[in-house]
Amino acid sequence: MAVFKIGKVILRSLFKKPATLMYPIKPREWQERTRGHIEINEADCILCGICAKRCPTLAINVDKAARTWTIERMLCIQCGACAENCPKKCLLMKPDYTSPDVVKVTDTFNIPDAEKKTEKTSAGSGAAPVCDRETCIYCGICAKQCPCNAITVDRKEKTWEVDENVCISCGICVEKCPKNSLKID
Amino acid sequence: MGKRTIIPFGPQHPVLPEPVHLDLVIEDERVVEAIPSIGYIHRGLEKLVEKKEYTEMVYVIERICGICSFGHGWGYCAAVEGAMDIKVPERAEYLRTIWHELGRMHSHLLWLGLLADGFGFESLFMHCWRIRETVLDIFEETTGGRVIFSVCKVGGLRKDVDAKTLEKMSGLLNGIKKELQELTDVFLEDRSVKNRLCGVGVLSKEEAEELGAVGPMARASGVAQDMRMAGHGKYLELGFEPVVETDGDCYARCKVRLREVFQSIDLINKAIDEIPEGDIAVPVKGNVDGEFITRMEQPRGEAIYYAKGQGTKFLERMRVRTPTNANIPAMVKTLQGCDLADVPMLVLTIDPCISCTER
């Protein structure tokens with residue numbers, strides 16, 4: 001049995017730089033992948049609301065009428081599901097944490113209207129959904145769920161149309177179709 | 001024979017990071033009986049499967065425990081993948097194995113620190129946690145989080161790790177190996193440490209089997225039971241063999257965990273050498289219909305994951321049986337007849353995670 005086995009480690013530590021940082025005088029270095037907080041590029045947002053639907057903690061609220069995108073910072077768990085599912089890639093996971101606070105912070109961003117229209121026309125490059133007319137029952141759920149109102153369905157006339165210039169290929173219609181008649185390639 | 005007294009121990013106690021309460025029936029300084037009670041930290045996470053889509057539920061399951069969070073995420077995904085009959089790509093399996101072993105390293109290093117803190121060896125405690133910090137840095141660089149990783153998803157992984165980072169990881173781990181060797185000498189040879197650990201809380205092999213002990217607690221008593229032998233991940237391909245000690249005391253439990261950290265480093269290095277190129281996820285379509293049980297070896301022992309779905313996007317039932325749950329009877333057994341001063345040590349050596357147990 002030995003006594004004071006840790007002596008060597010302690011002696012070496014005495015002459016080494018401390019293992020801790022003098023925080024906050026020396027700021028912490030973030031890694032490229034650190035999941036710190038979510039940021040939004042307002043100009044690209046089309047208020048489709050997929051981020052709010054995908055958020056497991058319901059931290060994001062998208063108000064289409066008021067054209068706002070809101071995030072409750074204390075509810076957000078930095079899982080990155082919103083950024084991963086955003087069709088326009090306008091949500092970004094930034095490495096630095098939000099600063100500590102004594103109140104719950106809610107950040108609201110106004111989404112500009114003018115840019116949105118130009119974005120829409122340029123967004124038409126992606127694939128638009130294709131409808132299988134044999135199985136389609138013209139229920140209109142796809143049209144109701146479409147975040148850009150790109151789909152028009154007429155039950156009486158039995159027509160189904162998609163405006164390819166407006167469609168953003170978000171895939172919500174495909175997901176919501178009760179008959180699985182829609183497809184995006 | 002002295003008069004019997006009941007001493008309440010916990011749920012708040014300086015050496016216990018977890019809220020477990022024990023009623024200790026003592027005679028003089030000797031514990032005659034220990035009656036455990038839990039129920040201070042139930043969060044109802046299993047109930048949430050009825051409200052969260054099965055793909056979103058991974059983020060919740062990960063938060064069952066801050067220490068074995070990767071293992072919980074993997075266990076849940078493995079259960080759902082089993083129910084949906086999904087085959088995960090090879091590269092994803094290798095990366096999952098690497099992250100799971102890193103998780104084991106950081107759990108065991110944390111435990112070793114807490115053990116040192118438990119017997120009052122503060123500088124040893126700090127050095128263990130200093131080494132653990134390197135593991136957490138690796139996690140942050142590869143997954144983006146220090147303890148909650150959010151990289152596992154049903155069907156594979158969300159993030160890949162490039163060859164350069166894997167090489168760097170291997171270098172860092174070899175550095176940890178060298179530093180940990182010095183601390184291993186302290187844990188296993190220092191007289192003051194041995195005085196506190198040797199011969200304390202002996203659990204025989206028969207008792208361990210009878211009481212259903214799992215993980216390092218069972219392996220320190222000579223039961224060669226490790227779920228990594230059951231075939232999940234890439235352990236069999238990496239030539240995994242369980243670490244077994246036979247003494248069954250606190251010293252043996254400490255030794256098993258120390259040896260497991262070294263074993264994890266070797267497993268990760270081997271996995272980095274063998275990892276194939278390829279996809280990290282397969283697309284998942286449809287909903288869970290059917291049920292599946294999977295068993296995983298968490299740092300603390302065997303955990304069981306059960307998932308049941310009925311064709312909707314919400315699971316009907318999700319159940320997790322955690323290792324601490326299985327180890328409590330063995331802990332109560334070792335507490336009988338021990339000194340009052342050894343109680344914290346004995347509670348610590350099962351590596352209790354009450355947050356996991358209650359969910």
Side-chain angles (χ1 to χ4, degrees), chain A residues 1-14 16-21 23 28-38 50-60 75-85 92-97 171 174-178 180 183-185, chain B residues 48 51-53 55-63 73 116 121-134 136-146 148-151 153 158-159 161 165 179-195 198 285-286 313:
Chain A
M1 277 205 213
V3 188
F4 208 57
K5 264 278 181 188
I6 201 169
K8 207 171 110 193
V9 181
I10 290 182
L11 265 179
R12 213 181 37 241
S13 307
L14 270 179
K16 258 198 339 202
K17 260 188 8 191
T20 46
L21 262 184
Y23 184 80
R28 172 140 153 37
E29 279 178 29
W30 306 104
Q31 301 286 349
E32 198 186 317
R33 280 193 180 177
T34 307
R35 302 191 314 273
H37 73 281
I38 288 286
I50 295 178
C51 46
K53 279 185 193 129
R54 287 279 171 256
C55 179
T57 54
L58 311 175
I60 299 174
L75 277 182
C76 175
I77 56 169
Q78 281 86 27
C79 63
C82 50
E84 204 175 76
N85 288 297
L92 307 160
M93 181 61 86
K94 291 286 172 182
D96 47 330
Y97 299 157
V174 179
E175 200 179 298
K176 297 288 174 189
C177 180
N180 292 328
K183 216 164 60 180
I184 289 188
D185 292 321
Chain B
L48 280 177
K51 281 187 182 170
K52 308 260 178 223
E53 284 181 31
T55 44
E56 284 171 8
M57 195 58 199
V58 191
Y59 310 121
V60 177
I61 293 286
E62 276 192 328
R63 281 161 175 81
F121 204 152
E122 294 295 329
S123 56
L124 186 56
F125 157 53
M126 289 296 173
H127 281 290
C128 285
W129 281 35
R130 175 175 58 82
I131 295 177
R132 175 174 171 260
E133 204 60 25
T134 316
L136 296 183
D137 286 345
I138 296 176
F139 267 128
E140 191 178 348
E141 193 177 342
T142 52
T143 69
R146 279 162 58 87
I148 302 288
F149 312 122
S150 301
V151 279
K153 69 171 181 185
R158 295 171 71 199
K159 282 173 186 158
V161 183
T165 317
E179 286 196 83
L180 189 67
Q181 190 56 55
E182 291 175 339
L183 294 191
T184 306
D185 293 345
V186 183
F187 272 111
L188 299 183
E189 283 168 42
D190 196 279
R191 197 173 71 188
S192 57
V193 177
K194 278 183 113 173
N195 281 344
C198 286
K285 286 244 158 151
K313 57 186 177 179

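Naming convention: chains lettered A, B, ... in sequence-line order (proteins, then strands); numbering from 1 in each chain. Basis for what follows: all heavy atoms, side chains included, without hydrogens, waters or symmetry-related copies.
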Approximate separation, where rounding is to 0.5 Å, of A:Arg35 CZ and B:Thr143 OG1: 6.0 Å
Is it the backbone or the side chain of B:Phe149 that comes under 4.5 Å from a heavy atom of chain A, or both, or neither? backbone
Just checking A:Glu29: does its CD atom have more than 12 heavy atoms from other residues, nucleotides or ligands closer to it than 6.0 angstrom? no
Within-4.5 Å side-chain heavy-atom neighbours: A:Arg33 and B:Glu140: no
Of all of B:Lys159, B:Glu56, B:Arg158, B:Glu182, which one pairs up most often with chain A through heavy atoms under 4.5 Å apart? B:Arg158
What pairs with A:Ala59 under side-chain contact (heavy atoms from CB on, under 4.5 Å), at least two apart in sequence or on another chain? A:Cys55, A:Thr57, A:Leu75, A:Cys76
Ranked by heavy-atom pairs below 4.5 Å to chain B, first place among A:Lys8, A:Glu32, A:Glu84 goes to A:Glu84
Set of residues satisfying salt bridge (Lys or Arg N to Asp or Glu O under 4.0 Å) with respect to B:Lys313, sequence neighbours excluded: B:Glu53
Nearest 0.5 Å please: distance from the CD1 atom of B:Ile148 over to the CD atom of A:Gln78. 11.0 Å
Can you tell me how far apart OG (A:Ser13) and CZ (B:Arg130) are? Round to the nearest 0.5 Å. 5.5 Å
Could you tell me the separation between the CD1 atom of A:Ile6 and the CZ atom of B:Phe187, rounded to the nearest 0.5 Å? 8.5 Å
Okay, A:Thr20 and chain B: the region with an atom under 4.5 Å from a heavy atom over there is neither
From NZ (B:Lys153) to SG (A:Cys79), nearest 0.5 Å: 13.0 Å
Highest number of heavy-atom pairs under 4.5 Å with chain A among B:Arg146, B:Glu179, B:Arg63, B:Met57 belongs to B:Arg63
